[in-house]
There are 2 protein chains.
Amino acid sequence: MAETAPEPTEDSVSLGVLSDLIGYRLRRASAVMASDFSRALEGTGIRQVLFGILSIVDANPGVNQGTVGRMLGIQRANMVAPVNEMAERGWIDRQTDPSDRRAFILSLTAAGETMFARALTQIRAHEANVLSDFDSRDRQHLVALLARIEAREG
Amino acid sequence: MAETAPEPTEDSVSLGVLSDLIGYRLRRASAVMASDFSRALEGTGIRQVLFGILSIVDANPGVNQGTVGRMLGIQRANMVAPVNEMAERGWIDRQTDPSDRRAFILSLTAAGETMFARALTQIRAHEANVLSDFDSRDRQHLVALLARIEAREG
DNA sequence: TATTGTTATACTCTATAACTATA
DNA sequence: TATAGTTATAGAGTATAACAATA
């Protein structure tokens with residue numbers, strides 16, 4: 001028995017080099033946030049992608065649909081289904097751009113504004129909960145570090 | 001013209017409340033890393049999930065398959081395909097655990113060790129590239145902040 | 001010719017339930 | 001009865017190519 005390699009038990013298992021990789025850590029932290037987001041917004045019909053679109057349309061009424069996608073890193077083909085979904089739910093008003101009739105300009109309906117405001121309240125509570133041991137300096141520092149990575153997008 | 005709301009142009013469009021949300025920032029930063037990872041490892045057949053499994057099996061030869069999944073947040077049903085894939089490629093040796101014949105214990109083959117070492121070199125280069133303006137203090141600080149979020153996993 | 005939104009399609013990752021063989 | 005791995009399946013997110021309408 002002393003000669004055989006010990007079989008790793010649950011507690012003694014290590015991540016190996018993975019624990020030093022920023023890509024892996026980001027992936028896991030992002031998954032934790034996403035999972036708690038889903039739990040917190042359950043039943044509202046709001047998903048991360050939908051909220052992203054609502055936020056940009058709310059802040060920029062009459063914004064071009066393709067522009068919203070580019071801001072979020074969503075290709076135009078993949079914008080169609082979520083925008084349809086929210087138009088059918090009566091959250092988003094989608095109109096042909098009179099100055100370029102190929103394009104759509106988006107804005108929130110009154111119902112969309114209400115949904116957005118409610119979701120934002122729930123999301124702020126969810127973030128406050130997951131990040132309850134983060135003070136405002138921690139949060140700012142984290143956002144700043146993440147922004148430097150986002151800026152490397154290409 | 002002075003009365004009509006200006007239509008947002010690409011440059012003037014804002015993310016709205018999204019820019020303050022840690023969940024969104026993590027999602028985008030993680031996507032930037034994932035995208036550059038894919039580009040850097042193109043042609044090797046290595047994906048993020050596969051490398052995660054390789055790293056744990058490398059560090060813990062003879063580790064239980066289900067344990068690997070739990071470490072990575074992958075459910076047992078979703079471990080089958082990637083492990084099959086790497087067993088068929090001859091990277092992973094999968095054997096019945098003699099002390100519990102329901103279970104599999106995993107280790108890397110010589111070919112698997114070679115693939116893992118090569119991939120790690122490429123991944124370190126990819127991380128150094130994306131994080132070229134991060135000094136070691138920045139990296140450590142980021143990992144520490146992310147670890148605090150990971151710890152909130154439920 | 002180029003661009004906007006669309007459709008169709010495919011692949012990865014993820015989530016759940018039910019099965020088998022062992023324990 | 002509980003657990004490990006498996007199978008089947010379905011839902012999201014994402015990627016590419018080709019099309020119609022418009023620029």
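Every value quoted in this text rests on a predicted model; they were computed, and no experiment measured them. All chains are named by letter (A, B, ...) in the order of the sequence lines, taking the proteins before the strands, and each is independently numbered beginning at 1.
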Residues in residues 26-35 of chain B with a heavy atom under 4.0 Å of DNA chain C, by number, are none
With axes from five pairs an end, tell me the bend angle of the helix from dT1(C)-dA23(D) to dA23(C)-dT1(D), nearest 10°. 0°
In whole Å, I'd like the distance from the CD atom of Glu42(B) to the P atom of dT12(C). 14 Å
Compare all side-chain heavy atoms of Thr96(B) with those of Phe104(B) and state whether any distance is below 4.5 angstrom. yes
With a 3.5 Å distance limit and no angle check, can you tell me whether Ser55(A) reaches the backbone of Gly52(A) through a side-chain donor-acceptor pair? no
Check this for me: does any side-chain nitrogen of one of Arg148(B) and Asp138(A) sit under 4.0 Å from a carboxylate oxygen of the other? yes
Candidates dT14(C), dA23(C), dA23(D) - which lies nearest the side chain of Arg101(B): dA23(C)
So, is Gln75(A) close to the dT14(D) phosphate, meaning a side-chain N or O under 4.0 Å from OP1 or OP2? no
With rounding to the nearest 0.5 angstrom, report the CG to CG distance, Leu72(B) to Leu15(A). 7.0 Å
Give the C-alpha distance, both sets of side-chain angles, the deciding distance and a yes or no for side chain to side chain donor-acceptor pair (under 3.5 Å) between Gln95(A) and Asp93(A). CA-CA 7 Å; Gln95(A) 298 202 0; Asp93(A) 179 48; 3.1 Å; yes
Keeping Arg25(A) on the side-chain end and Leu145(B) on the backbone end, is there a donor-acceptor pair under 3.5 Å? no
Any pair counted as salt bridge (Lys or Arg N to Asp or Glu O under 4.0 Å), so long as it reaches residues 121-130 of chain A, sequence neighbours left out: Glu127(A)-Arg139(A)
How close or far is atom P of dT14(D) from atom CG of Leu50(A), stated in whole angstroms? 12 Å
For the pair made of CZ in Arg47(B) and C1' in dT14(C), what is the distance, rounded to whole Å? 13 Å
Once each nucleotide of nucleotides 2-11 of chain C is scored for protein heavy atoms under 4.0 Å, what B/S/- sequence comes out, 5' to 3'? BBBBBB----
Give the rounded distance in Å between these two atoms: CD1 of Ile46(B) and P of dT12(C). 14 Å
How would you list all residue pairs meeting side-chain hydrogen bond (donor to acceptor under 3.5 Å, both in side chains) that involve residues 112-122 of chain A, not counting sequence neighbours? none
Validation row: Asn60(B), Leu106(B) side chains within 4.5 angstrom (heavy atoms): no
Measure from CZ on Phe37(A) to P on dA12(D) and round the result to the nearest Å. 14 Å
Using whole Å, report how far CD of Gln48(B) lies from P of dC13(C). 9 Å
What closest approach, in Å, do Arg152(B) and Asn129(A) show between heavy atoms, and which atom pair accounts for it? NH2-O, 3.4 Å
Kindly state each residue pair satisfying side-chain hydrogen bond (donor to acceptor under 3.5 Å, both in side chains) with at least one member in residues 28-49 of chain A, sequence neighbours excluded. Tyr24(A)-Arg28(A), Arg28(A)-Glu153(B), Asp36(A)-Arg39(A), Asp36(A)-His126(A), Arg47(A)-Glu85(A), Gln48(A)-Arg27(B)
